[in-house]
Amino acid sequence: MARFLWLAACLLCLSGPGRCDPPHKVQTVMSFSKELNLSRDQRGQITQALSDLRRQLVSCQERNAVLQKGVNSLLRARAPLAQIRVKFEEIAANEVEAKMIDVSTARKIQEILTPEQFERWKDIQVRNGSPR
């Protein structure tokens, strides 16, 4: 049973991008504010959007931790598969929500940038290997 739980934990870790990746410095649009020639107002709006993003993602991470504990409890209790499925679906929905929050924030930032700044930002992302 312990071996099964270990395997399940490993599979969960592998199932979501970034879930178990080591932390690294994320370069945001603010990292290139000089190169993009962002105005003071733009920097303030972007900083607020990124702050909101962080807050919302932390909330999603906390919810995922609670949901994962629920899955672990169900697995230990040998709960019916239908109950386990529901918990996995809740985790998946929470992860989709986190990704949508990220995309929504990216779109907000795009609206803050001028078309020229946005084109420069896309070039910077390509240059740095970002998939966006």
Side-chain angles (χ1 to χ4, degrees):
M1 180 65 169
R3 185 175 215 177
F4 171 77
L5 290 175
W6 180 82
L7 177 61
C10 287
L11 289 173
L12 285 172
C13 189
L14 294 174
S15 68
R19 209 193 272 187
C20 294
D21 293 344
H24 62 281
K25 175 112 171 88
V26 175
Q27 291 192 317
T28 68
V29 67
M30 290 302 293
S31 304
F32 301 94
S33 64
K34 286 185 182 179
E35 190 172 340
L36 293 170
N37 196 29
L38 297 177
S39 71
R40 175 186 232 165
D41 185 48
Q42 286 175 312
R43 286 193 308 268
Q45 290 178 49
I46 292 169
T47 298
Q48 183 62 52
L50 293 174
S51 177
D52 291 345
L53 171 66
R54 271 195 262 350
R55 181 183 45 75
Q56 291 174 311
L57 290 180
V58 165
S59 177
C60 284
Q61 288 173 337
E62 290 169 351
R63 178 161 165 68
N64 246 17
V66 170
L67 291 170
Q68 187 58 53
K69 285 180 183 179
V71 166
N72 293 343
S73 176
L74 290 172
L75 290 171
R76 278 192 302 277
R78 297 196 41 84
L81 292 176
Q83 285 181 341
I84 295 169
R85 173 180 287 280
V86 167
K87 200 56 77 173
F88 279 136
E89 288 172 349
E90 288 178 35
I91 290 170
N94 190 56
E95 290 177 358
V96 167
E97 181 63 24
K99 289 176 186 194
M100 288 305 299
I101 291 166
D102 183 46
V103 170
S104 174
T105 300
R107 296 242 174 120
K108 285 178 191 172
I109 290 171
Q110 179 181 349
E111 292 172 6
I112 295 168
L113 299 175
T114 66
E116 296 80 18
Q117 289 170 322
F118 181 63
E119 288 304 314
R120 273 188 263 151
W121 175 232
K122 288 192 315 189
D123 291 341
I124 289 168
Q125 290 177 309
V126 168
R127 185 176 69 220
N128 289 311
S130 176
R132 288 188 195 212

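When all heavy atoms of N94 and C60 are compared, the closest pair comes out as ND2-O, 2.8 Å. Residues L38 and R43 share a closest heavy-atom pair of O-NH1, 2.9 Å. Contact detail for A49 and T105: the closest heavy-atom pair is O-CG2, 3.8 Å. Closest heavy-atom contact between I84 and A79: CD1-O, 3.6 Å. Closest heavy-atom contact between Q42 and L113: NE2-CA, 3.8 Å.
Atoms CD1 and OG, on I112 and S39 in that order, are 9.5 Å from each other to the nearest 0.5 Å. With rounding to the nearest 0.5 Å, the separation of OG1 in T114 from CD in E119 is 9.5 Å. Rounding to the nearest 0.5 Å places CG of N72 at 11.0 Å from CG of L67.
Note: the hydrophobic cluster containing V103 does not contain L57 (ILVMFWY, side chain heavy atoms under 4.5 Å, direct or indirect links). Note on F32: it clusters hydrophobically with I109, by side-chain heavy-atom contacts below 4.5 Å among ILVMFWY residues. With hydrophobic clusters built from ILVMFWY side chains whose heavy atoms lie under 4.5 angstrom apart, V58 does not share a cluster with V96. Note: the hydrophobic cluster containing F118 also contains V29 (ILVMFWY, side chain heavy atoms under 4.5 Å, direct or indirect links).
With a 6.0 Å radius and a threshold of 12 heavy atoms from other residues, nucleotides or ligands, R55 has its CZ atom above the threshold.
Salt bridge absent: K108 and E111 never bring a charged side-chain N and a carboxylate O closer than 4.0 Å. The residues E89 and R85 are annotated as salt-bridged, a charged nitrogen and a carboxylate oxygen being separated by less than 4.0 angstrom.
For R127, the side-chain hydrogen bond (donor to acceptor under 3.5 Å, both in side chains) test picks out E35, with sequence neighbours left out. Residues passing the side chain to side chain contact (heavy atoms under 4.5 Å, CB included) test with R120, sequence neighbours excluded: L36, N37, E116, Q117.
Counting heavy atoms from C-beta outward, V66 and R63 have side chains that stay 4.5 Å or more apart.
The main-chain N or O of K69 is never found under 3.5 Å from a side-chain atom of S73 such that the two would form a donor-acceptor pair. Side-chain atoms of S104 never come within 3.5 Å of backbone atoms of M100 as a donor-acceptor pair (strictly under, hydrogens ignored).
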query: Stepwise, does the side-chain hydrogen bond (donor to acceptor under 3.5 Å, both in side chains) test hold for Q68 with N64?
result: CA-CA 6 Å; Q68 187 58 53; N64 246 17; over 6 Å; no
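Q48 and D52 are linked by a side-chain donor-acceptor pair at a separation below 3.5 angstrom, with hydrogens and angles left out of the test.
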